[in-house]
Amino acid sequence: MPAVPFLSLIIPAYNEVDSLPRALAAIQGYMNVQPYAYEIIVVADGDDGSRELVATLAAADSRLRVIGSAERGGKGRGIRQGVALARGQLIGFVDADYKTPIEELAKLMPWLERGYDIVIGSRGMAESRIIVPQPLYRRLGSRAFAVAMHLLIGLWRLHDTQCGFKFFRADVARNLFGRQRIDGYMFDVEVLHLAEQSGYQIKEVGVRWQDDGDSRLNLVAGNWRNMQDLLRIRFGRYAQRPAPAPADLVTHEKEASA
């Protein structure tokens, strides 16, 4: 059994066999020089060989594991499953297409150590760096979505709810994802909405991000489904759980010397 990790990193993937090797190599290269133990959980849905690829890599590295199925379960469902398996003091997720490099974690980690419950990467802050922007029509669509989302859900103080680079205290992640129900892309909004209702402290941090031109969202059917999910979030009934008291994190130095 590998060492109990300080950080559990979840990578949701759907037919990402071309992207996963590069993303995993970069992430493991970075994590291997950090002064704390880690684990990576890849949730690989689809039928393009992604799951089998990661399983082969995991056979040689006990810090890596893969779950998933041939059917597309949705990003929200995949991360929910990953959180249920995670063992770390911190739990986060990054996208398999690697639009935000793992090195940006260095900007988020200090805020978790200062006591924030959730720290999220953002493309909308003054310090954010957009290396390759989305096409204009997608940027306009994102702005329209943001307006609709804020009017329905709130979250006014957050500039970017959809960046796939988010990290949580483990007890917070289990609380939120234990109540979260949206399987699709709107799970980010749902989790942040639940977090705000629960009184968790959220910090938004600008990160580097680049578009890869490979959007899986159908502009008509996808956005209609997203709007339906926003209405589910706005008018749904959720179990009310009080926010747990903040837990002390083991510092990197303590973890390294353990």
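- The number of heavy atoms from other shown groups lying within 6.0 Å of CZ (Arg129) does not exceed 12.
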Pair Asp229-Arg232, salt bridge (Lys or Arg N to Asp or Glu O under 4.0 Å): steps then yes or no: CA-CA 5 Å; Asp229 283 341; Arg232 288 178 61 198; 3.4 Å; yes
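- In this structure, the side chains of Val66 and Leu57 stay at 4.5 Å or more apart for every pair of heavy atoms.
- The shortest side-chain heavy-atom distance between Val189 and Gln162 falls under the 4.5 Å cut-off.
- Side chains of Asp48 and Tyr14: a donor-acceptor N/O pair is absent below 3.5 angstrom, by distance only.
- In this structure, OG1 on Thr161 lies 10.0 Å from CD1 on Ile153, to the nearest 0.5 angstrom.
- Checked against the 6.0 Å centroid criterion, the rings of Phe187 and Phe93 qualify as a close aromatic pair.
- Among all heavy-atom pairs drawn from Glu103 and Arg208, the shortest one is CB-NH2, 4.0 Å.
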Test side-chain contact (heavy atoms from CB on, under 4.5 Å) on Val54 and Arg51; report intermediate values, then the result. CA-CA 5 Å; Val54 181; Arg51 214 164 32 262; over 6 Å; no
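- Using a 4.5 Å heavy-atom threshold, the side chains of Leu64 and Val42 count as touching.
- Heavy atoms of other residues, nucleotides or ligands lying less than 6.0 angstrom from CZ of Arg77 number 12 at most.
- With rounding to the nearest 0.5 Å, the separation of NZ in Lys203 from CD1 in Ile118 is 14.0 Å.
- If you take CG on Leu90 and CE on Met109, they are separated by 5.5 Å, rounding to the nearest 0.5 Å.
- A donor and an acceptor atom, one from each side chain of Ser198 and Arg179, are located under 3.5 Å apart.
- Nearest heavy-atom pair across Ile233 and Ile182 is CG1-CG1, 4.0 Å.
- In this structure, Glu104 contributes its side chain and Gly121 its backbone to no donor-acceptor pair below 3.5 Å.
- Counting heavy atoms from C-beta on, the side chains of Phe167 and Leu105 come closer than 4.5 Å.
- Two rings, from Tyr200 and Phe168, have their centers 6.0 Å or more apart.
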